[in-house]
Amino acid sequence: MLKTVLFISLFGILGYFPSLLAKDESKYNVVFVAIDDLNDWVGVFGGNPQTQTPNFDNFAKEGSIVFEKAFSPATVCGPSRSALLTGKYSHNTGVYGNDTNLRHAPKTQDVATISQWFSQQGYHALSAGKIFHKHSNKQSDKGDQGQWAFDEWTDPTAKEHKGKWGKIRHELKKGTEVHIQPSPGEKAVAYNAKALKWGEMAVTPEETKDFITCQWAVDQLTRDFDSKPFFMAVGISKPHLPWFVPSRFYDQFPLEDIVLPKINEGDLEDIIDSKGKAAAKKHPWWNWIERENMHKEAVQAYLASVAYVDYCLGALFEGINNSKYADNTIVVIWGDHGWHLGEKFKYGKATSWIESCRVPLLIKVPGVTENGLVKTKGLVNLIDLYPTLSDICGLPINPENEGKSFKDLIHNPKMEWNFPTVITTNEGQSTVFDPQYQYIRSTRFNKTVLELYNYEKDPLEWNNLANNAEFKEVIARLDPYLPKKYEPKLPKK
Ligand SMILES: [Ca+2]
Ligand SMILES: [Ca+2]
């Protein structure tokens with residue numbers, strides 16, 4: 001009788017404290033892969049039927065979950081990554097633009113970022129490539145790339161490594177470089193006039209930055225990390241501009257075969273501000289590409305850049321599968337926000353529309369996620385990754401986290417997971433997605449603009465329903481999810 005009681009008590013205690021059962025060596029490792037500016041033009045995400053991403057698609061079929069409705073917490077690099085990495089939304093921290101470093105923001109500077117959290121809980125945190133948005137830094141010519149957030153941070157392309165993971169070359173193939181410039185007279189208002197460039201590189205993929213970063217990551221998988229579990233963050237820089245990738249990836253997409261995303265000529269006319277004025281116009285980059293008649297070339301260059309990323313990831317997936325860590329390593333692949341390729345007369349990111357907000361997200365948890373193509377319609381946000389990964393790895397959840405663990409959804413991807421999720425695109429400007437609708441509320445410069453789209457029926461978001469009385473209740477239901485107040489934008493630093 002006593003034995004039974006003791007057994008029950010012990011079982012009860014361990015049941016309450018499951019971490020007592022798990023020794024560190026039985027903990028999952030994490031490979032955490034960020035991809036810069038990758039939208040849903042990935043085979044399994046269905047954003048563009050012409051895209052060629054065999055490695056992504058195989059990874060999706062080999063035991064990972066495809067999150068069809070994953071969104072970024074913000075729609076430019078710095079704020080999106082800052083929110084994901086600190087677990088805190090821009091509207092609560094003031095980190096709205098790429099020029100604000102989360103380390104100088106009073107609301108984030110003392111918050112443990114996800115890699116620091118894992119390190120504090122006994123993990124070895126290491127990284128290469130772009131994870132944090134880069135800020136200039138007088139102390140180091142490498143700038144502040146988040147080196148401080150890891151136990152070990154490496155630039156695998158640096159000279160000091162003598163080409164250990166590959167030697168980088170930058171040569172472009174002659175006559176292929178394109179640089180789209182502002183129209184004459186437009187210089188004064190030019191929007192990012194230097195950025196819109198693409199071209200074919202006269203080098204092999206093995207001589208490029210992202211491939212070298214993946215080779216570094218594969219090499220780390222031969223190490224032991226003093227018997228600690230590891231959290232390895234791998235940052236892929238493409239398909240961010242400039243779209244310079246090896247020729248072979250351009251060759252995969254003959255120009256004459258390129259099909260452009262659909263545009264509705266009067267699309268922007270139903271986006272009106274509270275003073276009755278047109279609130280959206282054609283984006284400068286769209287106008288410049290239209291002027292040069294280069295829409296097909298731009299789409300080809302983005303597709304080539306995505307195919308290049310897929311090639312690099314193929315080497316990483318193979319390395320993980322062949323490593324001693326294959327059976328106890330969680331792999332997470334995420335894009336930091338979407339990208340418009342002409343939709344809504346826009347090239348680029350930073351809008352509140354679905355093309356900017358939706359991101360590819362794949363998660364593999366050995367022993368949990370099943371083989372075969374598994375897609376979930378559960379609504380998730382990259383800000384949820386910090387608590388979710390802590391939860392799956394048996395770590396405490398950082399009370400600073402504003403996202404929600406979706407561990408249950410990973411265990412049961414068919415379950416209902418319909419919590420509306422918020423994205424903040426600027427001070428005073430946020431949007432919320434539910435399983436059917438996207439609602440946008442922007443209050444800036446003393447004007448309010450409301451937009452409501454049924455993105456399930458109208459995936460290109462042509463019909464703004466916000467001024468249609470029939471949808472008043474939908475707006476009344478969704479509006480309370482949006483921020484009540486916004487932390488003021490921090491000065492540039
Ligand atoms: Ca980005
Ligand atoms: Ca419209």
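Computed from heavy atoms alone, side chains included, the values below leave out hydrogens, waters and symmetry copies. Both counts, for ligands and for their atoms, begin at 1 and track the order of listing.
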Any side-chain to backbone donor/acceptor pair from T213 onto A128? Under 3.5 Å, distance only. no

Do T448 and T443 have a side chain donor and acceptor closer than 3.5 Å? yes

Within the stated cut-off of 3.0 Å, is an N/O/S atom of H337 closer than that to the Ca ion (ligand 1)? yes

The Ca ion (ligand 1) -> D36, closest N, O or S atom is OD1

Lys/Arg-Asp/Glu bridge criterion (N-O < 4.0 Å) met for D434, R477: yes

So, D267 and the Ca ion (ligand 2): N/O/S under 3.0 Å, yes or no? yes

If we count only N and O atoms by modelled type, under 3.5 Å, do the side chains of H340 and K346 hold a donor and an acceptor together? no

Using only heavy-atom distances, determine whether the side chains of D57 and T53 contain a donor-acceptor pair under 3.5 Å. yes

N/O/S atom of D270 inside 3.0 Å of the Ca ion (ligand 2), strictly under: yes

Take the Ca ion (ligand 1) as the vertex and measure to OD1 of D336 and OD1 of D37; round to 10°. 100°

Can you tell me if H133 has an N, O or S atom under 3.0 Å away from the Ca ion (ligand 1)? no

Worked verdict on R291 versus S183 for side chain to side chain donor-acceptor pair (under 3.5 Å): CA-CA 8 Å; R291 182 199 67 211; S183 301; 2.8 Å; yes

With a cut-off of 3.0 Å, does W462 put an N/O/S atom close enough to the Ca ion (ligand 2)? yes

